[in-house]
Amino acid sequence: MDHRLIPVIINCRDRVTDLSALVDWLERAGHQRIVLLDNDSTWEPLLDYYAHTPHEVVRLGANLGHLALWESGRVPDEWFVYTDPD
């Protein structure tokens, strides 16, 4: 299995600096499936980042916290990485 194809799901809420740094690092490492799982962010700089990222952004419409992946029922049926940017 090519590790670059494993989805990396990043739990996000209202922070862009650390998120951008993490995404840049993942891109340099060759990861191709980066998913930003948004917990109802309202901070304009982050929303602008979402508007310009080539990566998938999943907006949950609620702040489900650190268990957002499970609480939202979006757990992939394959190997995955789940992290947050800070």
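Worth saying up front: this structure is predicted, and the values here are computed from it rather than measured.
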Do [X] and [Y] make a side-chain contact, defined as non-hydrogen atoms from C-beta onward lying under 4.5 Å apart?
{"X": "Arg13", "Y": "Asp40", "result": "yes"}
{"X": "Leu69", "Y": "Ile9", "result": "yes"}
{"X": "Phe80", "Y": "Val35", "result": "no"}

Determine whether [X] and [Y] fall in the same hydrophobic cluster, where Ile, Leu, Val, Met, Phe, Trp and Tyr are linked whenever their side-chain heavy atoms lie under 4.5 Å apart.
{"X": "Met1", "Y": "Ile34", "result": "yes"}
{"X": "Val81", "Y": "Val23", "result": "yes"}
{"X": "Val8", "Y": "Leu22", "result": "yes"}
{"X": "Leu46", "Y": "Trp25", "result": "yes"}

Those residues that, when tested against Asn11, pass side chain to side chain donor-acceptor pair (under 3.5 Å) (two or more places apart): Asn39, Tyr82

With Glu56 via side chain to side chain donor-acceptor pair (under 3.5 Å) - residues at least two apart: none

By the side-chain hydrogen bond (donor to acceptor under 3.5 Å, both in side chains) test, which pairs, at least two apart or in different chains, include something from [range]?
{"range": "residues 63-78", "value": "Arg33-Glu78"}
{"range": "residues 41-51", "value": "Asp38-Ser41, Asp38-Tyr50, Asp48-His52"}
{"range": "residues 1-10", "value": "Asp2-Arg4"}

Side chain to side chain contact (heavy atoms under 4.5 Å, CB included) between Leu36 and Leu19, intermediate numbers included: CA-CA 9 Å; Leu36 309 177; Leu19 174 62; 3.9 Å; yes

Gap separating the CD1 atom of Ile10 from the CG atom of Leu26, nearest 0.5 angstrom: 5.5 Å

Pairs satisfying salt bridge (Lys or Arg N to Asp or Glu O under 4.0 Å), at least one member in residues 14-26, at least two apart: Arg15-Asp86

